[in-house]
Amino acid sequence: MNKFSDSTIAAITPDEQHKYYVYCLVDPRDNNPFYVGKGTGNRLFEHQRMTDQRALLEVSEEEKNSLKLDKIAAINASNKQIKSYIITHSLTEKEAYASENTLINYLGLVEKKQLTNLVSGHGAIGDSVENLEKRYGYQPIEIEDILTNELILVVKIRDAFFLDTDETKEYEIGHRDDQNLKSRTLGEWIVGKTAIKRIAYVIGVNSGANNAVVSAYRVSKEETSRVDTSHGRSRYAFKALSNRDETLKELGLYKRSLPSISFGTGRATAFINK
């Protein structure tokens with residue numbers, strides 16, 4: 001079989017919005033799934049067509065080196081046919097991405113299947129409950145339990161769990177990396193002239209995770225980068241004088257959260273020990 005009939009496509013495509021399905025390709029030699037994808041129409045049959053074209057050298061360099069096409073070619077050489085399954089259909093594209101990601105995570109985590117997908121789904125990567133708690137579990141403490149009386153600038157980093165944690169890189173002001181946790185923490189922050197003279201630490205909290213404290217640095221003021229005219233205050237960047245994990249432990253904030261921190265409406269910063 002190399003395509004659906006028009007009536008089948010019509011049946012699994014109730015309308016233009018709900019035209020997506022999630023499918024799985026299975027190796028008939030051992031009944032193990034080797035590829036999960038989303039598509040519309042006759043998309044799931046395209047892999048066999050690309051394998052045939054590869055034999056004629058009519059595909060891209062990426063497809064020439066595709067593990068998926070290698071698998072299909074080996075199945076063909078054994079005189080067997082791929083088993084193809086539509087797992088679910090009549091989905092929106094968003095629903096299809098979520099379903100595809102769920103199936104890939106399940107097959108990899110629970111069934112321990114080695115898939116040939118180049119991309120491991122579109123969404124959060126699953127893990128064991130123990131590993132998830134180890135990664136995201138932060139125990140709450142009160143602000144007064146922080147081990148310093150010096151002024152701390154607290155900054156919001158809502159997507160902190162997904163940022164690069166490399167601390168070896170240094171970024172000049174105006175060229176900070178929004179994808180790096182250290183860079184985001186040191187940032188460019190609106191701070192009053194009185195407070196800037198007293199700030200000893202900058203800590204970053206994931207405001208989307210109960211204010212989990214994800215970074216901390218003893219800092220020096222680097223320079224005024226520019227004036228924020230709407231607030232009448234300057235934006236300041238900071239230079240780290242310490243290591244993140246060592247500073248978190250020094251302050252008693254390693255794997256801790258500060259749920260009682262209050263940010264003003266629309267504010268990205270707050271102070272401790274002010």
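Side chains are part of it too, since the values below use all heavy atoms of this structure and drop only hydrogens, waters and symmetry mates. Everything numeric in this text was worked out from a predicted model, so none of it was measured.
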Item to check | Leu258/Ile203 under side chain to side chain contact (heavy atoms under 4.5 Å, CB included): CA gap, chis, key distance, verdict | outcome: CA-CA 11 Å; Leu258 295 167; Ile203 68 173; 4.0 Å; yes
Checklist entry - Is there a side chain to side chain contact (heavy atoms under 4.5 Å, CB included) between Tyr20 and Tyr97 once you walk through the steps? => result CA-CA 9 Å; Tyr20 292 89; Tyr97 273 128; over 6 Å; no
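Checked by atom type, the side-chain pair Asn42/Glu46 shows no donor-acceptor distance below 3.5 Å. Using modelled atom types, one finds no donor on one side chain facing an acceptor on the other under 3.5 Å when comparing Thr88 with Ser99.
If you chain together hydrophobic residues whose side chains sit under 4.5 Å apart, Leu151 and Leu147 never meet in one group.
Judged as a salt bridge (Lys or Arg N to Asp or Glu O under 4.0 Å), and not counting sequence neighbours, the contacts of Glu167 are Arg244.
Taking a cutoff of 4.0 Å between a charged side-chain nitrogen and a carboxylate oxygen, Arg256 and Asp145 do not qualify as a salt bridge.
When atom types are taken as modelled, the side chain of Ser257 and the backbone of Pro259 share no donor-acceptor pair closer than 3.5 angstrom.
For the pair Leu67 and Phe34, the minimum side-chain heavy-atom distance is 4.5 Å or more. Within the 4.5 Å cutoff, the side chain of Gln48 has heavy atoms near those of the Thr51 side chain. Two residues are said to be in side-chain contact when any heavy atoms from C-beta on lie closer than 4.5 Å; Glu95 and His18 meet this criterion.
Within the 6.0 Å centre-distance limit, the rings of His47 and Tyr23 are counted as a close aromatic pair.
Applying the salt bridge (Lys or Arg N to Asp or Glu O under 4.0 Å) definition to pairs two or more places apart or across chains, those involving residues 22-32 are Asp27-Arg29, Asp27-Lys71.
The aromatic rings of Phe161 and Tyr136 sit tilted relative to each other, their planes meeting at an angle between 30° and 60°.
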